[in-house]
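Comments concern the structure below.
Below, each value reflects all heavy atoms present in this structure, side chains not excepted, and no hydrogens, waters or symmetry copies. In this text the structure is predicted, and so the values were computed from the model without any measurement.
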Amino acid sequence: DFIGNAGNELSVTATTNNANLESAVISRGAGLSVVSLTNSFSAGSWTTTNSLADAIANNDYLQFSVKPKSSFITSLSLLEAVFRRSSTGPDHFQWQYSIDGNTFLNINSQIIYTSTVTNGMVQLPIDLNGIPDLQIVPSSTEITIRLYGYNASSPGGTFSIGRLTGN
């Protein structure tokens, strides 16, 4: 929940977190710039080519991690998000995950999102139950989730997570 945030924070710690998980923190990849947008976590300088490989090479992603506390396990079932983009922001996206911090695998197929609704739009939930790596995860493993964005029509285009009023 990003209500009350300026959007330009370097990272944001989750306001609601399961008591058996370490606190989740969202951050930007090194290729992105910090951009203000109230009630969101926003970024600019997205990849302007229609290439996931370029977005990966450019470190153009938002990411967060999920890690069980000691003596606990976790399983992930759904990935839900609110997307908000400017008219020149990226319109192609790819969710990926890693359980070793180095090798990232696609969670789903590419998402094309072209709306520029002021307060963003809730995306269809992504079912994670069928990904064995994300089930019965021990406390020794940290899951990193990344959202790569690309195909911006201008380096000044922005993309944000959040913005929608309410939960």
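Across every non-hydrogen atom of Ile136 and Ser75, the tightest pair is N-OG, 2.7 Å. In plain terms, the two heavy atoms of Arg84 and Thr158 that are nearest each other are NH1-OG1, 4.0 Å. Nearest heavy atom pair, residue Ala55 against residue Gly149, reads CB-O, 3.7 Å. Scanning both residues, Val137 and Pro68, for their nearest heavy atoms gives O-CG, 3.4 Å. Closest heavy-atom contact between Ala81 and Trp95: CB-CZ2, 3.9 Å. Scanning all heavy atoms of the two residues, the minimum distance from Arg163 to Thr118 falls at NE-O, 3.3 Å.
Not one N or O on the side chain of Asp133 forms a donor-acceptor pair closer than 3.5 Å with the backbone of Ser98. Under a 3.5 Å cut-off, the side chain of Asp54 and the backbone N or O of Asn58 do not form any donor-acceptor pair. Remark: side-chain polar atoms of Ser160 are not paired, donor with acceptor, to backbone N or O of Gly162 under 3.5 angstrom. A donor-acceptor pair under 3.5 Å is absent between the side-chain atoms of Lys67 and the main chain of Leu21, judged by distance alone. At distances below 3.5 Å, at least one donor-acceptor pair connects side-chain atoms of Asn18 with backbone N or O atoms of Asn20. A donor-acceptor pair is defined here as one N or O able to donate and one able to accept, closer than 3.5 Å; no such pair exists between the side chain of Ser27 and the backbone of Ser11. Between the side chain of Gln110 and the backbone N or O of Leu52 there is no donor-acceptor pair closer than 3.5 Å.
Geometrically, Arg85 does not engage Phe93 in a cation-pi contact defined by less than 6.0 Å to the ring centre and at most 45° from the axis.
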From CA spacing to verdict: side chain to side chain contact (heavy atoms under 4.5 Å, CB included), Gln96, Ile56: CA-CA 11 Å; Gln96 293 190 340; Ile56 292 170; 4.1 Å; yes

Residue pair Leu32, Asn59: steps toward the side chain to side chain contact (heavy atoms under 4.5 Å, CB included) verdict: CA-CA 7 Å; Leu32 297 178; Asn59 291 309; over 6 Å; no

Cut-off 3.5 Å, no hydrogens considered: what does the side-chain donor-acceptor table look like for residues 140-147, sequence neighbours left out?
residue : atom : partner : partner atom : Å
Thr144  : OG1  : Ser65   : OG           : 3.4
Arg146  : NE   : Gln63   : OE1          : 2.7
Arg146  : NH1  : Tyr148  : OH           : 3.0
Arg146  : NH2  : Tyr61   : OH           : 3.1
Arg146  : NH2  : Gln63   : OE1          : 3.3

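By the criterion of side-chain heavy atoms lying less than 4.5 angstrom apart, applied directly or through intervening Ile, Leu, Val, Met, Phe, Trp or Tyr residues, Val66 is grouped together with Ile131 in one hydrophobic cluster. In terms of hydrophobic clustering, with Ile, Leu, Val, Met, Phe, Trp and Tyr side chains grouped at heavy-atom distances under 4.5 Å, Ile107 and Phe83 are assigned to a common cluster. In this structure, Phe64 is not a member of the same hydrophobic cluster as Val25, with clusters built from ILVMFWY side-chain heavy atoms closer than 4.5 Å. The hydrophobic clustering, which links ILVMFWY residues whose side-chain heavy atoms are closer than 4.5 Å, places Val35 and Phe41 apart. Following chains of ILVMFWY side-chain contacts shorter than 4.5 Å, one cannot reach Tyr150 starting from Ile161, and the two form parts of different hydrophobic clusters.
Within the 4.5 Å cutoff, the side chain of Thr48 has heavy atoms near those of the Pro155 side chain. Side-chain contact between Val34 and Leu10: present, with at least one pair of heavy atoms (C-beta onward) separated by less than 4.5 Å. When side chains are defined from C-beta on, Leu79 does not count as touching Gln123, because their heavy atoms never get closer than 4.5 Å.
Judged as a side chain to side chain donor-acceptor pair (under 3.5 Å), and not counting sequence neighbours, Asn50 has no contacts.
If you look at Phe159 and Tyr113, their ring centroids are not closer than 6.0 Å.
If you take CZ on Arg28 and CG on Leu62, they are separated by 7.5 Å, rounding to the nearest 0.5 Å. If you take CD on Glu80 and CG on Leu128, they are separated by 9.5 Å, rounding to the nearest 0.5 Å. Rounding to the nearest 0.5 Å places CG of Asn151 at 4.5 Å from CG of Asp91. Annotation: the span from Thr38 atom OG1 to Asn5 atom CG amounts to 9.5 Å, rounded to 0.5 Å. With rounding to the nearest 0.5 angstrom, the OG1 atom of Thr103 is 10.0 Å from the OH atom of Tyr97. Separation of atoms CD1 (Ile73) and OG (Ser139) is listed at 10.0 Å; rounding is to 0.5 Å.
Screening Ser36, Ser42, Ser33 for a side-chain hydrogen bond (donor to acceptor under 3.5 Å, both in side chains) with Asn8, the sole residue that qualifies is Ser36.
Between the side chains of Thr47 and Asp60, at least one donor N or O sits under 3.5 Å from an acceptor N or O. Side chain to side chain, Asn129 and Ser77 fail the donor-acceptor criterion of an N or O pair below 3.5 Å.
The environment of Leu78 atom CG is dense: over 12 non-hydrogen atoms of other residues, nucleotides or ligands sit within 6.0 angstrom.
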